[in-house]
Amino acid sequence: MIAKTKILVVDDEEVVRLSYLRTLSGQHCNVDVVADGKDALQMMSQQPFDVVLLDLRMPGMDGMTVLKTIKQKWPESEVIIITGYPAVESAKAAVTLGAYGYLAKPVGPDDVINAANGAMLHKRWALRCDQPAQCAAMR
């Protein structure tokens, strides 16, 4: 039996959280949603997630701070930034901090699914390559 992918959606807009929840929920995913960075980090400490869809601009703790904390404490989690305020500077900063992806809102259902699938595939390959002998065999 294959374990379900655990996805956390972090966005202060309820309509966005519900949209991503509907899009990603199914046989292969368990999806949880929270409205801010503080709640996201609390959820991560209870149960690390495979993929985190993270908004940048939220009340309280901003997305960059949440991203940095997630990558420090749970480096195996893949984070995808999804923002309504895209900028080259924030995209560079997000990638530098370890984000897997950076998408500009509005994001359609197919984009959300493709980003989450890509992040999960990346995670699986990265975990396989933690053992040098296996990576050498892949080359």
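A 6.0 Å sphere centred on CD of Glu14 holds no more than 12 heavy atoms belonging to other residues, nucleotides or ligands.
Looking only at distances, a side-chain donor or acceptor of Thr69 sits under 3.5 Å from a matching main-chain atom of Thr65. Panel note: side chain Ser45, backbone Gln42; a donor-acceptor pair is recorded below 3.5 Å.
Of the residues listed (Ile7, Val31, Val16), the one engaging Leu21 in a side chain to side chain contact (heavy atoms under 4.5 Å, CB included) is Val31, and it is the only one.
For the side-chain contact (heavy atoms from CB on, under 4.5 Å) test, residues two or more places apart in sequence or in another chain that qualify with Ala115 are Ile80, Leu103. Partners of Ser77 according to the side-chain hydrogen bond (donor to acceptor under 3.5 Å, both in side chains) rule, which considers only residues two or more places apart in sequence or in another chain, do not exist here. Residues meeting the ring pair (Phe, Tyr, Trp, His ring centres under 6.0 Å) test with Tyr100, sequence neighbours left out: His122.
Residue pairs meeting the salt bridge (charged side-chain N to carboxylate O under 4.0 Å, His left out) criterion with at least one member in residues 63-73: none, sequence neighbours excluded. The salt bridge (charged side-chain N to carboxylate O under 4.0 Å, His left out) analysis of residues 39-65, with sequence neighbours excluded, yields the pairs Asp50-Lys123, Asp55-Lys105.
Residues Tyr85 and Val88 do not share a hydrophobic cluster, defined by chaining ILVMFWY side chains whose heavy atoms lie under 4.5 Å apart.
Between the CG atom of Leu24 and the CG atom of Leu53 there is a distance of 6.0 Å, given to the nearest 0.5 Å.
Here Leu67 sits in one hydrophobic cluster together with Leu8, Val10, Val34, Leu41, Met43, Met44, Phe49, Val52, Leu54, Leu56, Met58, Met61, Met64, Val66, Ile70, Trp74, Val79, Ile81, Leu97, Tyr102; the rule is ILVMFWY side chains under 4.5 Å apart, joined directly or through other members.
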